[in-house]
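When a ligand or atom number is given, it counts from 1 through the structure's own listing order.
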Amino acid sequence: MLVCVCNRISDRDIRSAIHEGASGFRDVKSELGVGNCCGQCVPFAKGVVDDTLSQLQLSRGFQLAQELKA
Ligand code: FES
């Protein structure tokens with residue numbers, strides 16, 4: 001889904017940036033340019049960032065728990 005119309009940035013682009021090391025909206029904005037024109041996409045883009053970070057933290061927590069069990 002297109003999140004930032006001005007810069008043609010999708011939710012997939014944002015999720016990829018997070019998985020490649022971006023640690024928050026500021027990093028994603030700097031890396032992709034999301035939200036740097038009209039700004040209409042910023043609230044939704046921040047939501048995608050937060051959701052992706054939460055999923056990543058859950059996944060890492062699950063992996064750590066599995067490693068501790070082994
Ligand atoms: S829609 Fe993202 S800056 Fe305009």
Self-check item: Heavy-atom side-chain proximity of C41 to V34 below 4.5 angstrom
Solution: yes
Quiz item: For D27 and S30, does a side-chain donor sit closer than 3.5 Å to a side-chain acceptor?
Solution: no
Quiz prompt | Check against side chain to side chain contact (heavy atoms under 4.5 Å, CB included), I9 and L32 | solution = CA-CA 8 Å; I9 297 167; L32 301 176; 3.9 Å; yes
Quiz item: Passes side chain to side chain contact (heavy atoms under 4.5 Å, CB included), F25 versus D50? Steps please.
Solution: CA-CA 8 Å; F25 179 74; D50 290 347; over 6 Å; no
Quiz item: N/O/S atom of C4 under 2.8 Å from atom 2 (Fe) of ligand 1, yes or no?
Solution: yes
Quiz prompt | Where ligand 1 meets G39 - atom numbers and elements under 4.0 angstrom, heavy-atom basis | solution = 3 (S), 4 (Fe)
Practice problem: Among all protein heavy atoms, pick the one closest to atom 1 (S) of ligand 1 and tell me residue, atom and distance. | Solution: V5 N, 3.4 Å
Quiz item: Okay, side chain of N7, backbone of G33: is any donor-acceptor separation there less than 3.5 Å?
Solution: yes
Quiz item: Hey, which atoms in ligand 1 end up nearer than 4.0 Å to a heavy atom of C38?
Solution: 1 (S), 3 (S), 4 (Fe)
Exercise. Provide the number and element of each atom of ligand 1 under 4.0 Å from a heavy atom of C6.
Key: 1 (S), 3 (S), 4 (Fe)
Quiz item: Of all the atoms in C37, is at least one N, O or S atom closer to atom 2 (Fe) of ligand 1 than 2.8 Å?
Solution: no
Quiz item: Is there side-chain contact between Q57 and F62, with at least one heavy-atom pair below 4.5 Å?
Solution: no
Practice problem: State whether C41 contributes an N/O/S atom found under 2.8 Å from atom 4 (Fe) of ligand 1. | Solution: no
